[in-house]
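Structure first, then comments.
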Amino acid sequence: MPADDLLARLAALLGPRRFATGAAIPARNAADAAGGAPQPPLAVAMPETTAEVAAVLRLCHGAGQAVVVQGGLTGLAGGAHPRPGEIALSLERLKGVEEVDTTSATLTARAGTPLAEVQAAAEAAGLLCGIDLGARGSCTIGGNVATNAGGNQVLRYGMARRNVLGLEVVLADGTVLTRLNKMMKNNAGYDWTQLHIGSEGTLGVITRVVLALHPRPQAVQTALCAVAGTGGALALLAGLTARFGPGLIVFEAMWHEFLEVARDRIVRARVFDPTPAAAVLVEVAMGAAADPADAFADALGALMEEGHLADAVIAHSEAERARLWAWRESVYEYSRLGLPIINFDLGVPRVAMAAAVEDLRALARARWPRSLTVMFGHIADSNLHVVVAIDPADGLSEVAIEDAVYAVVAGHGGSISAEHGIGVIKRPWLGLSRTDAELALMRRLKATLDPAGILNPGRVLGPG
Ligand code: ZN
């Protein structure tokens, strides 16, 4: 089918409000949050129903037309960023929470529903959505599931995958697969839903999601703890886990360099003086403790006596809690540094974390001494984020820095992506984290589910 024919059929299917070409394409559909130069797609289709998603894909499949699937466009791996000649399939109008079932403790939502709306619907029913991340206001639940998103509460509730009970997915040829399962136990045949979670839209388009909800944590306490480096942070993690078990819901580590940048250039306040080797932002749900604040302070005092932390600041109000979170959230303000930034999202086994941090520090000192290299992460989940703000005087390209960092990570048995996915940006290094046999299996699955190769081509897997 010639492209003009396809565009005319899509326009007839969706009408002018939900299909745009040329100058009518909204600017937002030309880029995702990964920072690439805007690339307007050939057209934007904004279906409102699963049947319309299926009809759009059936037409594109028949025409061999490449499609980029878009949700909230907050991804950091370039997966939703259009490539030349692609039609954007945006799920922004396929939205709304369809049901909260308090007996089953499940929530069913359309894919384009912003995560914050899903969270609010769960809370209104007295329950909690286990998926939470910084982009909650604009990311969508379909995108969260398609990328198997992580975030700040993974140590308690798991990645997106662990929160999903059922899915509805449209395959590349328009076939609708519906498994809106609400049961924790259901072993009737292959669980194809798991295959789509984290596939980054390369195997199908998620249109509806059934989430398992959780009880809301009670009496959450917050503290910023100073520790003696990576080993100290892991010892604190062990101490808190032994005391509070599943009550520990946040454990965000920040290393010395990160704290200094925050202190001098972003938060512009002091919390520990001198700046410790590392600090950890901790949140614990104290449940039904008679005086949760006292019990939390007593526990931190005991951990200090055992040598698990050097100092701690406890939040006694919502304003103090926000001030402690400002340290962790300082990284969202790095555009103020005015330098090109690389955001690494590394997986490192906890047992190798201390050595990996030291190796990355030594690497930065030796290879890009003028650039700024800071580390923070959800280390309870084996997730280390490294940010490099590149000083051009170091004379190194982004790719050279990426090559060097990923080599260190691979040497420690880590992963080039803990939670952001591969997209297009990390595709060249996927072979460091997966074997040739695994990559061949991924290609076979892709060819089986999307034989014409129209869905998010070039994301996760390269050609051939
Ligand atoms: Zn993260």
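Counting begins at 1 with the first residue of the sequence. Atoms within each ligand, like the ligands themselves, are counted from 1 in listed order. What you see is a predicted model; the values in this text were computed from it and never measured.
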Exercise. Could you grab the protein N, O or S atoms closer than 2.8 Å to the Zn ion (ligand 1) for me?
Key: H378 NE2, H385 NE2, E419 OE2
Practice problem: For the pair H385 and F376, name the ring-plane relationship: parallel under 30°, tilted 30 to 60°, perpendicular over 60°. | Solution: tilted
Output side-chain donor-acceptor pairs under 3.5 Å for residues 211-225, partner residues at least two apart or in another chain, one line each.
residue : atom : partner : partner atom : Å
H214    : NE2  : N163    : OD1          : 2.8
Q218    : NE2  : R216    : O            : 3.1
T222    : OG1  : E283    : OE2          : 2.6
T222    : OG1  : R321    : NE           : 3.4

Quiz item: Pick from D391, L363, I390: which one makes a side-chain contact (heavy atoms from CB on, under 4.5 Å) with W368?
Solution: L363
Quiz item: Taking D345 for the side chain and S417 for the main chain, is one N or O donor matched with an acceptor at less than 3.5 Å?
Solution: no
Output a table of donor-acceptor pairs, distance under 3.5 Å, between side-chain atoms of residues 118-130 and any protein atom two or more places apart or on a different chain; print 'none' if there are none.
residue : atom : partner : partner atom : Å
Q119    : NE2  : I131    : O            : 3.0
Q119    : NE2  : D132    : OD1          : 2.8

Identify every side-chain donor-acceptor pair in residues 403-414 under 3.5 Å, counting partners at least two apart or on other chains, and give the distances.
residue : atom : partner : partner atom : Å
D403    : OD1  : W429    : NE1          : 2.7
H412    : NE2  : D359    : OD2          : 2.7

